[in-house]
Amino acid sequence: MNLLFEAPSAFRARASLWADELPASPIMGSGLIEVAELVCAAGAPRAGQLALEVCFSARHASSYGLLGLTVRPAHGELRARVRYDERGASFSSHNLNIARYDDTLAFNKSQVFSSFPQEYAGKVADTVRAFAQESPSKLAGILDVTTAAECVVGSSRLVFGGIAEALLRILSLGPGALLEEAVPVVLDALWPGPWCSVRGAFAR
């Protein structure tokens with residue numbers, strides 16, 4: 001299922017949330033960062049998939065990121081395996097073979113690629129570690145980060161850290177949560193303030 005939502009036009013912000021499916025933008029590199037933290041969470045999310053794509057513009061600068069993961073149940077630990085692309089964030093001529101991600105919300109679709117450099121993967125790993133240490137009773141499980149896309153202009157460690165934080169908060173809602181219940185979680189993690197309205201239905 002996929003839910004698309006957006007802010008009023010003045011913010012030029014929109015997001016897309018996938019549950020039980022992942023967008024077609026796999027991380028092709030073999031780089032891997034692993035995080036394992038002991039937690040005291042009583043339960044664990046059911047096995048599944050979750051992804052979030054965000055795009056927003058403020059003060060003449062745009063921000064973009066897409067991150068997706070698979071989830072497996074586990075008790076007593078929060079473990080993450082974050083894959084990354086060794087080709088890095090450079091979009092110079094020797095990296096022109098990186099595939100474009102065309103089915104994107106980004107304002108400039110021609111500059112979004114299915115790549116995920118180590119610096120962003122490291123930020124995602126740091127976010128998982130911090131979440132486990134600060135909220136050890138909220139979430140346990142094994143997370144495999146296998147899907148991502150970045151933009152030539154607008155992607156950053158800050159953006160991917162916010163997306164990772166939103167995904168962790170959504171997972172901590174529990175296996176019975178509805179997709180719509182995740183919307184305020186995304187807003188609170190990325191854009192505080194109750195200004196977002198849901199548009200349309202499931203499935204884009």
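Of the possible polar contacts, one joining the Tyr101 side chain to the Asp103 backbone as a donor-acceptor pair under 3.5 Å is found. Within the 3.5 Å criterion, the main-chain N or O of Glu119 finds a donor-acceptor partner in the side chain of Arg157. Distance alone, capped at 3.5 Å, places no donor-acceptor pair between the Ser114 side chain and the Ala149 backbone. Although no hydrogens or angles enter the test, the distance criterion places a donor-acceptor pair under 3.5 Å between the side chain of Glu53 and the main chain of Leu105.
Taking a cutoff of 4.0 Å between a charged side-chain nitrogen and a carboxylate oxygen, Arg129 and Asp126 qualify as a salt bridge.
Proximity of Val128 to Val82: side-chain heavy atoms (C-beta onward) are nowhere separated by under 4.5 Å. In this structure the side chain of Val71 reaches within 4.5 angstrom of the side chain of Leu171, judged on heavy atoms. Between Ile27 and Thr147 there is no side-chain heavy-atom pair separated by less than 4.5 Å. Under the 4.5 Å side-chain criterion, counting only non-hydrogen atoms from C-beta, Pro117 is not in contact with Tyr84. Residues Leu3 and Ser16 fail the side-chain proximity criterion, which asks for heavy atoms closer than 4.5 Å. The side-chain heavy atoms of Val39 and Leu139, taken from C-beta on, include no pair separated by under 4.5 Å. A heavy-atom distance below 4.5 Å is found between the side chains of Val153 and Gln111. Within the 4.5 Å cutoff, the side chain of Leu22 has no heavy atoms near those of the Leu50 side chain.
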Q: Kindly determine whether Val54 and Ile163 satisfy side-chain contact (heavy atoms from CB on, under 4.5 Å), including the steps that lead there.
A: CA-CA 8 Å; Val54 300; Ile163 295 173; 3.6 Å; yes
Q. Between Leu168 and Leu143, does a side-chain contact (heavy atoms from CB on, under 4.5 Å) hold up when you go through it step by step?
A. CA-CA 10 Å; Leu168 291 167; Leu143 315 177; 3.6 Å; yes
Q: Check the pair Phe131, Glu165 against side-chain contact (heavy atoms from CB on, under 4.5 Å), reporting the backbone distance first and the verdict last.
A: CA-CA 8 Å; Phe131 187 88; Glu165 174 77 17; 4.1 Å; yes
Q) Stepwise, does the side-chain contact (heavy atoms from CB on, under 4.5 Å) test hold for Glu37 with Gln133? A) CA-CA 8 Å; Glu37 294 286 337; Gln133 294 174 354; 3.5 Å; yes
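If you check the side chains of Ser115 and Glu150, you find a donor sitting under 3.5 Å from an acceptor. Inspection of the Asp102 and Thr104 side chains reveals no N or O donor paired with an N or O acceptor under 3.5 Å.
Residue Ser63 holds its OG atom at 7.5 Å from CG of Leu158, rounded to the nearest 0.5 Å.
Of all heavy-atom pairs spanning Pro23 and Ala51, the tightest one is CD-CB, 3.5 Å.
Relative orientation of the Phe116 and Phe160 rings is perpendicular, given thresholds of 30° and 60° on the angle between their planes.
For the side-chain contact (heavy atoms from CB on, under 4.5 Å) criterion with Val145, the lone passing option out of Leu67, Leu32, Ile33 is Leu67. When each of Arg81, Gln49, Arg83 is paired with Asp144, the side-chain hydrogen bond (donor to acceptor under 3.5 Å, both in side chains) condition holds for Arg81 and for no other.
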